[in-house]
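Quick note on labels: first sequence line is chain A, next is B, and so on, each numbered from 1. Because only heavy atoms are used, hydrogens play no part in the values below, and waters and symmetry mates are left out as well, while side chains stay in.
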Amino acid sequence: MTEISTPTPPARTDIDRADERLRDDAGVRGTLTAFTGRIRSGDLGVLPIIIGLVIIWTVFQALNPIFLSSANLGNLAVECVSVGVIALGVVCVLLVGQIDLSVGSVSGLSAAVTAVTFVNQRWPSWLAVLAALAAGAVIGWLYSQLLTRFGVPSFVGTLAGLLGFLGLQLYLLGSKGAINLPFDSQLVFFAQLAFVPAWLSYVLVVLAAAAVFFTGLALARERRVAKLSARSTSLLALRSLAVLAGLGFAAWYLNQSRGVGWMFVAFVGLVLVFHYLLTRTGWGRSVYAVGGNAEAARRTGINVTRVYTSVFILCSTLAALGGVLAAARLAAVNQASGAGDVNLNAIAAAVIGGASLFGGRGKASAALLGIIVIQSISSGLTLLNLDSSFRFMVTGAVLAVAVSLDSLARKSRATHGAA
Amino acid sequence: MTEISTPTPPARTDIDRADERLRDDAGVRGTLTAFTGRIRSGDLGVLPIIIGLVIIWTVFQALNPIFLSSANLGNLAVECVSVGVIALGVVCVLLVGQIDLSVGSVSGLSAAVTAVTFVNQRWPSWLAVLAALAAGAVIGWLYSQLLTRFGVPSFVGTLAGLLGFLGLQLYLLGSKGAINLPFDSQLVFFAQLAFVPAWLSYVLVVLAAAAVFFTGLALARERRVAKLSARSTSLLALRSLAVLAGLGFAAWYLNQSRGVGWMFVAFVGLVLVFHYLLTRTGWGRSVYAVGGNAEAARRTGINVTRVYTSVFILCSTLAALGGVLAAARLAAVNQASGAGDVNLNAIAAAVIGGASLFGGRGKASAALLGIIVIQSISSGLTLLNLDSSFRFMVTGAVLAVAVSLDSLARKSRATHGAA
Amino acid sequence: TAGSPGATGDAAQAKIAFLMPDIASTRYELADHPLFEAKVKQLCAGCSVIYANANADAAQQQQQANSALAQGAKVIVLDPVDSTAAATIVNTAHAQGATVIAYDRPIPTMPPDYYISFDNEKIGAKIAQSLVDHLKQTGAQGGILEVNGSPTDAAAGLIKKGIHSALDTSGIKLLAEFDTPDWQPAKAQDWVSGQITRFGTQIAGVVAANDGTGGGAIAAFKAAGVNPVPPVTGNDAELAAAQRIVSGDQYNTISKPIKIVAEAAADIAVQFAQGKKPTGATTLFNTPTQLFDPTVVTTGNLKQALVSSNELKAGAICTPQYAAACARAGIA
Amino acid sequence: MSSITNSAGIPDRPILSLAGIDKNFAAVAALTDVHLDVAAGRVTAIVGDNGAGKSTLVKVLSGVHRADAGTITFGGEQVRITSPADARRLGIATVFQDLALCENLNVVENLFLGRELRRTRLDETTMETRSWELLRQLSAKIPSVRVPVAALSGGQKQTVAIARSLLGDPKIIILDEPTAALGVAQTAEVLNLIETLRQRGLGVIMVSHNMDDVRAVADHIAVLRLGRNNGVFDAATTSSEQIVAAITGATDNAVTRRTARTAAAASTNGVGNDD
Amino acid sequence: MSSITNSAGIPDRPILSLAGIDKNFAAVAALTDVHLDVAAGRVTAIVGDNGAGKSTLVKVLSGVHRADAGTITFGGEQVRITSPADARRLGIATVFQDLALCENLNVVENLFLGRELRRTRLDETTMETRSWELLRQLSAKIPSVRVPVAALSGGQKQTVAIARSLLGDPKIIILDEPTAALGVAQTAEVLNLIETLRQRGLGVIMVSHNMDDVRAVADHIAVLRLGRNNGVFDAATTSSEQIVAAITGATDNAVTRRTARTAAAASTNGVGNDD
Ligand SMILES: Nc1ncnc2c1ncn2[C@@H]1O[C@H](COP(=O)(O)OP(=O)(O)OP(=O)(O)O)[C@@H](O)[C@H]1O
Ligand SMILES: Nc1ncnc2c1ncn2[C@@H]1O[C@H](COP(=O)(O)OP(=O)(O)OP(=O)(O)O)[C@@H](O)[C@H]1O
Ligand SMILES: [Mg+2]
Ligand SMILES: [Mg+2]
């Protein structure tokens with residue numbers, strides 16, 4: 001190990017690379033060295049979960065060659081969305097060290113609100129969706145009040161909500177029990193049949209790669225001016241080429257059947273927006289701060305109450321959005337909307353994706369990765385003719401194995417002292 | 001406030017009361033002063049949750065005079081037991097800062113094991129129950145391995161178990177689907193029809209009060225010898241008289257109908273055993289230490305792995321026991337055993353009773369208090385003819401209000417700086 | 001040409017999806033699926049069956065249907081979790097040139113190609129009517145408790161509707177009713193326990209919407225020390241329920257001729273797969289329909305309805321525990 | 001640069017003044033009837049035994065705890081400080097004894113927490129540059145500002161906490177044992193810094209157990225004992241022994257006994273412990 | 001009582017000896033090829049700048065971190081210390097810089113954590129009595145031992161951590177900045193304590209930034225700089241200036257500059273800062 005950091009390092013000029021105890025990580029070669037170093041010390045980021053995914057995909061493909069077919073992956077992508085959107089909200093709540101057990105009920109309630117206003121009251125669809133989102137926002141506000149004003153732990157407060165809003169959903173749906181959303185409505189079309197045209201998908205891929213390259217370039221230039229270390233242009237080009245190739249291949253493959261669903265594209269867009277909010281704004285910073293150490297955050301003058309409030313409102317609103325999307329995809333709302341394992345899947349997706357239940361750790365992308373893992377297992381098992389009993393057992397086993405991989409990596413990082 | 005702690009306090013001799021900044025809390029009067037002081041500073045212990053209970057009980061009694069009838073309270077007590085036992089295990093897991101989402105599945109699986117071995121394989125009932133408990137223990141051991149060896153967060157590990165063991169339960173019940181436990185078996189008799197004879201219940205009450213008095217007395221003597229402050233004998237007598245009166249009245253009232261179920265007595269006994277284990281043994285101490293700061297516990301040389309292992313084994317075994325008791329009470333095992341809200345109710349009972357999801361805080365009695373709150377709400381609503389929708393809404397609302405009370409008190413304590 | 005859809009070789013290799021709604025009732029996995037698959041294999045050796053169970057989740061059922069279509073299923077036999085939401089599945093399947101057979105529950109808003117069932121509403125009506133008749137016959141005093149299925153289960157709603165249709169006109173008082181969350185027997189037990197303290201001896205009988213909740217109701221009476229237990233109904237003809245009926249703890253259950261219906265469904269499905277267009281006996285909800293009648297089972301007809309029809313084995317019912325009762329009921 | 005020049009230029013009227021502060025924790029009376037005056041351009045040291053209530057007083061001032069009784073006057077007006085945000089609005093910046101850093105955030109994030117540059121699109125580059133400037137000024141030996149604070153050594157964390165209090169534009173800086181974990185060089189820099197702050201006319205409150213540091217920079221020394229005032233001393237005219245006596249409540253204390261003993265040992269055995 | 005009497009009676013062979021210790025955290029090399037010898041009946045001080053790697057070295061010794069390379073010899077045999085339990089078995093007791101107390105447990109519970117008396121039916125009375133004895137010995141000003149440690153002041157917590165290391169029967173005691181948060185009286189008592197431990201023949205490692213404390217009790221002073229050894233000095237024959245120079249890596253450093261400046265200011269303005 002000592003050969004990497006030599007006692008007399010080469011001359012360095014960057015302010016942030018001046019300490020002589022640091023290994024030299026600049027340039028393409030340095031990046032590679034740093035990367036192997038990180039692997040050795042167990043700091044792998046999303047790598048293990050992606051390896052877990054690859055293993056899940058390989059095994060299922062071996063068991064049933066339809067699994068990796070373009071059509072099935074296309075379905076998989078769209079089926080991720082509604083719970084994925086909910087999981088995104090759950091990530092935010094977990095980040096501040098709280099939990100929301102009621103996302104399932106809230107999604108069901110918001111679906112009911114949409115259906116009742118849109119179908120029964122004949123409101124325009126945008127207004128119906130807005131009403132549902134507003135209901136979600138109000139619910140989130142209520143939770144935040146319970147937490148900040150009365151000090152009710154969010155576990156209990158949202159448990160009460162879980163029951164209460166399920167009741168409200170049943171009440172709204174009333175004696176009918178189920179309401180169909182018309183197939184010819186925009187909402188249902190968007191969720192079931194709207195696919196990105198092939199040419200547009202390639203345009204989007206190129207735009208994404210370009211964006212990666214140019215924002216990286218701008219940042220590197222800014223940092224170089226400030227005499228800070230910066231990624232080299234060749235590295236940036238390499239990275240954006242990788243993005244281009246990866247996304248391009250994915251788009252091409254999915255375009256072999258019906259293409260990429262707009263709903264999935266919208267979901268990825270939402271994840272990016274939240275990534276931005278969480279990493280590049282003062283609000284996001286305060287979210288992490290409150291989750292890491294609420295008392296320390298309070299002492300720096302952060303309005304902790306406001307942070308909790310915003311996060312709970314966001315989470316419930318996203319849950320409502322997820323509920324609306326689920327309803328649109330199903331083209332129906334019933335008493336079971338949002339019931340069953342929506343709750344658990346949404347929270348599990350966030351946790352599997354790497355959000356910590358103890359707050360302060362996790363990323364927006366956790367929702368995306370986590371839900372893809374869960375949906376892949378579910379979709380893969382659907383392709384095998386298994387009895388329910390085996391289906392449950394296999395799901396449990398696959399989940400345990402997939403997450404063990406990820407966790408082993410994290411654990412090795414912990415024993416290397418980088419908690 | 002200053003009049004309580006005078007600058008020149010009376011002469012003190014006890015080692016632990018020597019600091020002049022301390023208020024004088026000795027004797028009956030001092031205890032009262034200390035008590036009002038604690039109320040003012042918001043440190044109320046179980047008081048708020050008991051006030052919450054009283055309010056719930058009053059309201060339901062006003063709505064339906066059968067609620068507080070001896071027969072209904074007798075039912076209520078017995079209905080608490082199976083989920084209460086599970087909640088006791090959940091308290092332990094929460095104390096070390098972990099969670100077990102699979103207690104419902106494990107209870108269902110253990111019920112299935114009991115039924116299959118007892119009814120189909122014709123094992124003696126004690127052996128069948130033992131097999132079920134053993135299955136629980138093995139499951140707990142598995143979870144602890146996932147956590148300590150692979151570093152899988154217990155949320156995900158037990159989520160995998162939740163699914164896997166549900167599958168195993170379905171598989172075991174197999175072609176039968178549902179299995180009756182014979183009504184004339186000891187197991188079912190114990191859970192359904194075994195009541196403490198009236199005379200014995202009074203004997204037990206007197207024994208309990210005497211035990212409270214004499215252990216208190218022995219401790220006080222020991223402390224006085226060691227020159228530490230001790231409770232006065234009159235205070236101890238007062239306390240044990242209160243126990244005598246309280247328990248005596250409860251026993252008398254329940255004896256107006258069928259009396260106190262043995263199952264409930266056994267549950268309370270189990271809670272006391274766990275109270276002892278958690279507060280008076282080195283193991284219990286290490287449980288709190290690991291929950292409070294696992295790294296600090298590790299640094300003192302505590303075998304953290306072993307603590308996790310023991311706790312997970314205990315929790316799953318108790319879940320198995322709870323499943324057996326639920327099966328015995330229903331006199332049947334089916335695919336729905338352990339499903340539904342068993343999980344959530346068990347965890348919620350622990351949290352409502354005051355166990356913290358972040359570890360290190362909570363008592364064995366949390367399970368008892370929490371499950372009584374939950375069962376009271378459910379039983380009270382049973383007596384009202386409500387639509388499902390309203391039933392859910394009212395449950396949620398009552399839960400929120402009852403816990404708000406408790407939390408408000410805790411919160412006031414926090415603002416007084418005694419976190 | 002090889003591989004092109006519609007070739008005759010394709011019909012002989014057809015894939016048929018069999019999508020069941022939940023595991024709350026044991027029958028789908030234990031009876032419907034194996035019976036259906038066996039019959040399909042018998043009729044068309046090269047055909048294969050894609051089986052999935054949606055675990056009471058309409059969205060999951062939709063995913064399963066999509067997956068079946070992605071695997072190239074020509075025919076989907078669908079027992080919808082939610083009759084309303086199943087419209088999407090019919091829609092999607094038709095768009096991809098597949099046929100849909102509604103099984104067990106109808107799909108009124110988007111007619112499928114065929115409907116084959118016994119009717120849940122009728123089940124409710126029949127068990128309730130059987131109890132009412134029994135109470136009138138024995139001259140029992142008091143009212144009835146109604147234990148319904150899950151409030152979030154559409155099938156439970158149909159049964160509930162049927163029960164009310166029989167009870168509301170019977171003149172017997174409905175003391176209280178309860179929607180059992182998730183069909184949980186333990187919840188039913190807790191609720192009935194409460195009603196026993198509330199109404200005491202006024203309870204003349206209990207209509208329970210399935211055997212599990214019925215068993216819960218019986219356990220509640222036993223635990224309350226009520227003897228004899230008032231008549232309690234059930235539904236599904238589970239083994240455990242048959243045993244309780246034999247021992248006199250449960251009053252009735254209902255036997256759905258699953259074998260007949262499953263095999264009929266297999267027959268129709270294979271016909272569709274081979275490009276035929278079978279016609280129904282009647283038309284319901286604009287769908288060609290074939291309906292079968294469920295039979296109420298009590299001690300009186302248990303042997304004939306369950307044992308003789310091979311639905312349950314006498315040996316399975318008559319474990320040593322129930323041997324004496326079996327002898328009394330005349331089952332070997 | 002000397003302390004006289006600047007302290008002479010600024011009138012000695014208190015900008016912050018506490019009177020009759022009480023604070024109880026359950027059965028413990030942490031502060032009883034405490035008074036304190038802080039003047040602009042002056043360094044007020046608070047000293048006292050462990051558990052004397054120094055940090056509690058600091059927390060009352062910075063809005064972390066609310067006093068049970070007593071008044072706070074700031075700039076001549078009576079104010080209520082009910083939250084850290086209040087204190088921040090008044091221009092009171094605090095370095096807490098337990099540092100109060102978010103261990104999951106990195107150094108830059110902690111430094112600018114709650115006062116990020118360009119809050120809707122964070123200006124990370126400028127923040128990083130300014131962080132390096134600040135840390136260099138304090139002689140901090142931090143290899144990278146992009147590691148979570150959890151990975152820093154005790155002294156590095158303390159430097160971060162001190163650096164944070166300098167951002168913003170405080171009128172009063174409260175330092176609760178700021179040099180406890182610092183190395184010799186860093187301590188020297190912090191003492192220099194305190195003198196610079198005094199010269200700029202800020203009011204500085206410093207809590208410390210180190211008599212050398214206290215006497216090096218303090219103008220006044222307020223002693224707390226068991227939660228009560230035990231005298232305010234003029235740093236220039238009071239000896240360390242007097243202050244230690246006020247802290248411990250006795251002229252015969254552990255410190256004097258130890259000094260006497262080691263002196264006696266040295267006189268019988270020579271000066272160093274030459275083994 | 002003097003240091004000479006006892007140190008003369010015990011041979012100066014190291015009971016603990018580290019050689020070639022490396023420890024990396026991700027991109028930072030915290031320790032590189034570090035050597036250290038600890039003798040029984042001797043106090044070895046480890047000094048160094050912030051982030052020099054002192055605490056990392058302590059953690060390697062106490063089994064908290066595993067070294068990436070290097071050997072540890074204890075009592076003449078090479079040993080592997082892979083967990084704190086291993087260290088405890090060897091008789092190494094440590095006071096960590098971050099104290100490592102369980103804040104939710106009270107003082108008695110923390111003191112006896114992992115070594116409770118009568119583990120199946122805890123002997124709370126004896127434990128409480130012994131706790132008071134220990135704390136009194138350290139002059140701790142703790143009003144009640146039955147409050148959670150979270151409610152203690154910084155110095156009170158540190159006293160508890162020190163007291164804990166004395167329970168059990170250690171052969172080597174490692175103190176990582178033990179007096180950082182302590183009051184003057186408590187510091188004096190801890191220094192006395194260290195001398196007593198030395199006299200009893202224990203090996204003591206003390207990490208500290210306070211040159212006075214180090215020179216008061218240490219026999220040898222090992223300097224770490226940027227994760228490497230930077231010399232071992234004999235405490236009796238080395239001046240503070242020499243050590244500070246070794247710590248900072250230069251004879252012209254913040255400390256000397258500050259001293260020069262204040263001296264200059266004092267000579268132009270009189271001795272005290274008389275305002
Ligand atoms: N949150 C709290 N809850 C209960 N008691 C507390 C709390 N905070 C402080 N105390 C008590 O108040 C007293 C004063 O504590 P404080 O932290 O102010 O002492 P300090 O003077 O800063 O001591 P040190 O020099 O050790 O930092 C102590 O006895 C302590 O136990
Ligand atoms: N867990 C960790 N992860 C990553 N880096 C760490 C970790 N612990 C320490 N370091 C780094 O190792 C270096 C040495 O830290 P260490 O705590 O040993 O310093 P120290 O000499 O004790 O300093 P101080 O005097 O401030 O306590 C520091 O640069 C620190 O950032
Ligand atoms: Mg302090
Ligand atoms: Mg250190």
Side-chain angles (χ1 to χ4, degrees), chain B residues 64 66-67 69-72 74-76 78-79 82-83 119-120 122 166 170 173-185 188 191-193 257-258 261 326-327 329-342 375 378-389 391-392, chain C residues 22-27 29-31 34 148 150-152 174-200 211-213 215-216 218-225 229 236 238-244 247 249 316 319-322:
Chain B
N64 191 329
I66 287 162
F67 182 72
S69 71
S70 170
N72 196 54
N75 270 345
L76 183 75
V78 179
E79 279 159 9
S82 61
V83 180
V119 177
N120 296 6
R122 289 160 219 261
L166 174 58
L170 299 185
L173 290 175
S175 55
K176 301 264 172 4
I179 297 176
N180 285 334
L181 299 181
F183 281 111
D184 49 12
S185 63
V188 176
Q192 292 194 342
L193 296 169
S257 59
R258 296 201 293 165
R329 180 146 174 82
L330 186 63
V333 175
N334 54 31
Q335 288 154 323
S337 296
D341 49 8
V342 172
Q375 245 349 300
S378 143
S379 163
L381 288 174
T382 293
L383 297 177
L384 306 176
N385 273 345
L386 287 181
D387 249 17
S388 290
S389 56
R391 183 184 299 276
F392 281 121
Chain C
D22 60 58
I23 55 165
S25 169
T26 53
R27 51 169 282 215
E29 307 233 313
L30 302 182
N148 300 310
S150 164
T152 58
L174 178 62
L175 293 173
E177 68 173 302
F178 177 62
D179 296 338
T180 315
D182 300 320
W183 293 97
Q184 285 248 40
K187 293 262 169 230
Q189 182 185 18
D190 286 357
W191 183 76
V192 172
S193 294
Q195 305 314 307
I196 295 170
T197 45
R198 193 171 159 205
F199 296 110
D211 287 333
T213 52
I218 293 166
F221 284 109
K222 292 266 188 190
V229 173
D236 283 341
E238 282 180 6
L239 175 63
Q243 290 175 328
R244 285 194 298 262
S247 67
D249 290 327
T319 56
Q321 187 72 40
Y322 294 96

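- The backbone N or O of C:F221 lies less than 3.5 Å from no partner atom in the side chain of B:Q192, so there is not a single donor-acceptor pair.
- Side-chain contact check for B:D341 versus C:K187: some heavy-atom pair is nearer than 4.5 Å.
- Most heavy-atom pairs under 4.5 Å with chain B, from the set C:G194, C:G216, C:A176, C:P185: that is C:P185.
- Neither the backbone nor the side chain of B:S379 comes within contact range of chain C, judged by heavy atoms closer than 4.5 Å.
- Of the listed residues (B:A339, B:S69, B:S378, B:A331), the one with the most heavy-atom contacts under 4.5 Å to chain C is B:A339.
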Check step by step if side chain to side chain contact (heavy atoms under 4.5 Å, CB included) holds for C:D179 and B:R391.
-> CA-CA 10 Å; C:D179 296 338; B:R391 183 184 299 276; over 6 Å; no
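- If you measure heavy-atom distances from B:A71 to chain C, the contacts under 4.5 Å come from both the backbone and the side chain.
- Heavy-atom distances place both the backbone and the side chain of B:N180 under 4.5 Å from chain C.
- To the nearest 0.5 Å, the span separating CG on B:L383 from CZ on C:F199 amounts to 9.0 Å.
- In terms of heavy-atom pairs under 4.5 Å with chain C, the best-connected choice from B:P182, B:A332, B:S389, B:G74 is B:P182.
- Nearest heavy atoms, C:A223 versus B:R258: O-NH2, 2.5 Å.
- Side-chain contact between B:T382 and C:F178 is absent, with no heavy atoms from C-beta onward closer than 4.5 Å.
- Among the candidates C:Q321, C:R244, C:K222, the residue making the largest number of heavy-atom pairs closer than 4.5 Å to chain B is C:K222.
- For the residue pair B:I66 and C:R198, the shortest heavy atom distance occurs at CD1-CA, 3.4 Å.
- There is no contact between C:D211 and chain B, counting heavy-atom distances below 4.5 Å.
- With a 4.5 Å cut-off on non-hydrogen atoms, C:I196 does not touch chain B at all.
- For the set C:S193, C:A188, C:A224, C:A220, the entry with the most heavy-atom pairs within less than 4.5 Å of chain B is C:A224.
- For B:F392, the part sitting under 4.5 Å from any heavy atom of chain C is the side chain, from C-beta outward, and nothing else.
- Contact annotation for B:N75: only side-chain heavy atoms (C-beta onward) come within less than 4.5 Å of a heavy atom of chain C.
- How far CG of B:N334 is from OG1 of C:T213: 10.0 Å, rounded to the nearest 0.5 Å.
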